[in-house]
Amino acid sequence: MAETVISAERDKDSVTEAGAFLSERWGRLDPAVCLVCGSGWGKVVEDFGSGESLSYSEIPGMSQTTVSGHAGNLHLRELGNKQFLVFQGRRHFYEGVGWGPIRFPILLAKELGTETLFLTNAAGGLSPSFKVADLMVLRDHLNFMPGNPLIGPVLHPDSPRFPDQSQVYDPELRRLLCEVGEKHGVRIHQGSYLALSGPAFETPAEISAFAKLGADAVGMSTVPEAMLGNALGMKVVGLSCISNLAAGISEEPLSHDDVEKASAEALPKMKRVVRGFLEELLAQGLD
Ligand code: HPA
């Protein structure tokens, strides 16, 4: 507990320092949206043209990613004269770094005035209607991680001590994401995402139990960031690429290589949906 308290206090100081550093390096900063790219999603940034970029290790208080497919760069890009941030890669609880580095990007986005959080990930599919490379908008989640990223002092004046979680994922943005999918010929499911710490994939018995609990997809990220964004009063939207069928549903052994391969195959449609969604969001002023 003492450790959690100290790290939450540290978050505050280093987030302020990182915000000041970015404002000094990049000048006027008014990002409307913060996109966090999970496994396989980082290459969507190729479709946003040029702009400012920094490695996480250059930003005070940020630590570098350790997992393949998570480049570890922060980008500032613009669409229709509106700025947005792209965190290309994330830290995970299974890396053993605690909640601090997982919270940091979200707190930094909040510090810079961002009000919309767009979280992406690769996930294993449980729902019988899912195929590999399908996309799923998060309608809700089940937090099966060992703990809660909000434990400790309240992280921000905008965050209540006991945040409501009856609608973590913004319904208007979920609808918009599905509409954008339709417009671009990409079918997007909606479902519940169950988060575990990993790093081991699940057993077939666990997957069978999670399906009974209502999980449509399973993964090792996103939920802590969504909980924090929600607690900070941000609009949150989440999108999974079903990179594999979950253990026991698939006959095949699971591997991170296969997760990356499936995401690479789905990349063209991921790019269309992410860019289309950001364009609509910013043009319609829903950010
Ligand atoms: N389980 C957990 N996390 C994952 C999976 C999975 O099957 N696929 C991608 N991330």
Side-chain angles (χ1 to χ4, degrees), residues 35-48 53 55-57 63-75 86-97 101-102 105 118-127 130-138 145 177 181 184 186-189 191 193-204 206-207 210 215-226 238-275 277:
L35 168 66
V36 179
C37 298
S39 291
W41 288 87
K43 290 197 168 132
V44 299
V45 79
E46 293 168 351
D47 276 23
F48 299 147
S53 301
S55 159
Y56 289 171
S57 52
S63 51
Q64 197 41 273
T65 47
T66 67
V67 179
S68 166
H70 292 260
N73 299 311
L74 174 60
H75 305 277
V86 184
F87 284 92
Q88 195 183 27
R90 58 158 60 91
R91 307 304 305 273
H92 302 81
F93 195 74
Y94 61 72
E95 293 173 62
V97 290
I102 298 169
F118 182 12
L119 304 169
T120 60
N121 62 51
L126 278 74
S127 168
F130 290 1
K131 295 192 300 297
V132 171
D134 278 358
L135 301 185
M136 182 193 89
V137 176
L138 275 66
M145 284 198 164
L177 206 34
H184 290 273
V186 179
R187 182 157 164 237
I188 305 187
H189 306 276
Y193 173 96
L194 185 144
L196 299 148
S197 72
F201 288 107
E202 304 70 37
T203 65
E206 286 165 348
I207 291 298
F210 296 152
D216 297 297
V218 66
M220 305 176 193
S221 69
T222 306
V223 163
E225 297 152 14
L239 186 59
S240 298
C241 173
I242 303 300
S243 56
N244 57 281
L245 300 182
I249 298 175
S250 156
E251 306 276 297
E252 302 292 319
L254 303 183
S255 77
H256 187 63
D257 280 357
D258 290 340
V259 166
E260 287 194 285
K261 254 183 235 155
S263 308
E265 275 166 36
L267 186 65
K269 72 178 176 189
M270 288 149 72
K271 281 181 165 180
R272 289 204 301 279
V273 168
V274 170
R275 189 182 162 107
F277 176 67

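Note that the structure is a prediction, hence the values are computed from the model and not measured. We're numbering straight along the sequence, starting at 1.
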Problem set entry | side-chain contact (heavy atoms from CB on, under 4.5 Å) assessment of Phe130 paired with His189 | CA-CA 8 Å; Phe130 290 1; His189 306 276; 3.3 Å; yes
For this session: In sequence, state the C-alpha distance, the side-chain angles, and the governing distance for Phe118 and Val274, and then conclude on side-chain contact (heavy atoms from CB on, under 4.5 Å).
Result: CA-CA 9 Å; Phe118 182 12; Val274 170; 4.0 Å; yes
Spacing of [X] atom [atom1] and [Y] atom [atom2] [to the nearest 0.5 Å]:
X: Ser39; Y: Arg90; atom1: OG; atom2: CZ; result: 8.0 Å
X: Leu196; Y: Phe93; atom1: CG; atom2: CZ; result: 12.0 Å
X: Cys37; Y: Met270; atom1: SG; atom2: CE; result: 8.5 Å
X: Thr222; Y: Leu194; atom1: OG1; atom2: CG; result: 12.0 Å
X: Glu265; Y: Ser243; atom1: CD; atom2: OG; result: 11.5 Å

Problem set entry | Sole residue of Leu126, Leu254, Val132 in side-chain contact (heavy atoms from CB on, under 4.5 Å) with Leu245 | Val132
Under 4.5 Å between any side-chain heavy atoms of [X] and [Y], yes or no?
X: Val137; Y: Leu239; value: yes
X: Asn244; Y: Asp258; value: no
X: Leu35; Y: Val44; value: yes

Seminar exercise, completed: Those residues at least two apart in sequence (or on a different chain) that pass salt bridge (charged side-chain N to carboxylate O under 4.0 Å, His left out) with Glu251 are none
Exercise. With sequence neighbours left out, what residues match Arg187 under salt bridge (charged side-chain N to carboxylate O under 4.0 Å, His left out)?
Worked result: none
Qualifying residues under side chain to side chain contact (heavy atoms under 4.5 Å, CB included), relative to [X], sequence neighbours excluded:
X: His184; result: Val180, Val186, Arg272
X: Glu46; result: Lys43, Lys271
X: Thr65; result: Tyr56, His70, Arg91
X: Pro224; result: Trp99, Ile102, Met145, Pro149

For this session: Would you check if the side chain of Thr120 reaches a backbone N or O of Val36 as a donor-acceptor pair within less than 3.5 Å?
Result: yes
For this session: Determine yes or no for a side-chain-to-main-chain donor-acceptor pair under 3.5 angstrom, with Glu95 supplying the side chain and His92 the backbone.
Result: yes
Problem set entry | Test side-chain contact (heavy atoms from CB on, under 4.5 Å) applied to Tyr193 and Ser221, step by step | CA-CA 10 Å; Tyr193 173 96; Ser221 69; 3.6 Å; yes
For this session: Would you sort out whether Phe48 and Val45 count as a side-chain contact (heavy atoms from CB on, under 4.5 Å), showing the intermediate values?
Result: CA-CA 5 Å; Phe48 299 147; Val45 79; 3.9 Å; yes
